Amino acid sequence: MSAPSTPCADRLLAWFKRHRRALPWRGPWGRKRDPYRVWLSEIMLQQTQAATVVPRYEAFLDRWPTVDALARAREQEVLDAWAGLGYYRRARNLHRAAQVVATAWGGRFPGSVKELESLPGVGAYTAAAIAALAFGVRTVAVDGNVARVLARVFAISTPAGRSSRRLQAIGADLAPEALPGEFAEALIELGALVCRPRGPRCDICPWQSTCEAFRTGRTADFPVSVPRKRPAVRYSVAFRLTNRRGEVLLRRQSDPGPFQGMLVLPATPWAATRPSPAAVQAAEPPGPAWRRVAGLVEHGLTHLTLRTEIRAGATTRDPAPGEIWHPGRDDGRRLPAYTRKLLAHGAVPEPAAAAR
DNA sequence: TATGCGTGGTT
DNA sequence: TAACCAAGCAT
């Protein structure tokens, strides 16, 4: 039998140069890139699709064009600018990392994988991505796309989650001396556009001739995935308190757990069963007579399904410390999707809306 | 190593 | 339609 041929970096680069998407965090082909912009985009792209990130990235960059500007922002502003993107710990780490870069590193990002990995929110993937894309380090960043590509090309039957070190080493060996950043990004793009999870486009793949999974007709067998558990269900009762202007009382989620630091409705803690009357009463903001809103709002997180019942009430009082009145209706943008959903559910339509 | 962390798109 | 999954990280 003949020796298996090695995937060719030049062939992948040629494909990428021709087919790569024009995304706002990408410059012209082969051009040196601003580490701040690479870092910001990579944090946003963690577990988040490019199409979702594009408008948020541009808005973020408009508001905080440099790492120093971001370091000077207040944490609340950063969290609110992140609202709707999910995984809110990313936003807190982003702000903290900006302050580390601004102070400990004099406003310039470090250029080695190891130094980058010391920044909050920067793990093995993101550190490698910044090093390759912004600093020309000859390495690859193994995300879900790259893990899938390599698992297929080399028919690796270890589950991707447990073999990322090995995949990293395999990928880095393939990287060329010239344009390592473009190569690292090309691998990701190949996974996103061609070597897709289902229905891979092997017919247009630049690596088809060296892909073991294609050769053996087993692209569907790689990467090997571990079945995931079904999310647990959690129940709570949330309180929708409105003032005369139709504004809604929100507070910052202070408990560790989902939505920490974000604007949420006052509510009982989440529990495995529906809250008892005593638990509901203990969590009630003081004041009004509460009206039960029909139905249950269901919201899915990666590991939880939240089922929330809403009680509505009206008041004339001022917000307590740590609480704010939020317009509620229009700008849903400072809010997590979960909070937005709770505001919208069974809301009494305003006259203007009802007339349409 | 396993688990906790959002949200939206795709099939 | 109910998985499945996305440019993962921290603990």
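Everything quoted here is computed from the prediction, not taken from an experiment.
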With sequence neighbours left out, the residues meeting side chain to side chain donor-acceptor pair (under 3.5 Å) with A:S209 are A:R11
Under a 4.0 Å heavy-atom cutoff, the residues of residues 227-239 of chain A touching DNA chain C are A:R228, A:R230
Below 3.5 Å is the cut-off: list the nitrogen or oxygen pairs between protein and nucleotides 9-11 of chain B, distance only.
from: B:dG9; atom 1: O4'; to: A:Q49; atom 2: OE1; distance (Å): 3.3

Apart from A:L249 itself, its cluster of hydrophobic side chains linked below 4.5 Å comprises A:V237, A:F239, A:L241, A:V280, A:W290, A:W325
Here the residues of residues 23-40 of chain A within 4.0 Å heavy-atom distance, strictly under, of DNA chain C are A:L23, A:W25, A:R26
Here the residues of residues 41-48 of chain A within 4.0 Å heavy-atom distance, strictly under, of DNA chain B are A:Q47, A:T48
Residues of residues 297-306 of chain A with a heavy atom under 4.0 Å from any atom of DNA chain C, listed by number, are none
Residues of residues 142-157 of chain A with a heavy atom under 4.0 Å from any atom of DNA chain C, listed by number, are A:D143, A:G144, A:N145, A:R148
Contact span of DNA chain C against chain A, any nucleotide atom under 4.0 Å from a heavy atom, 5' to 3', runs C:dA3 to C:dA10
side-chain contact (heavy atoms from CB on, under 4.5 Å) filter on A:S236, not counting sequence neighbours, yields A:T268, A:W270, A:T308, A:Y338
Note: contacts of residues 121-128 of chain A with DNA chain C (heavy atom, under 4.0 Å) are A:G121, A:V122, A:G123, A:A124, A:Y125, A:T126
Between C:dA7 and B:dA2 - C1' atom distance, rounded Å: 23 Å
Sorted by chain and residue number, the side chain to side chain donor-acceptor pair (under 3.5 Å) partners of A:Q76 (sequence neighbours excluded) come out as none
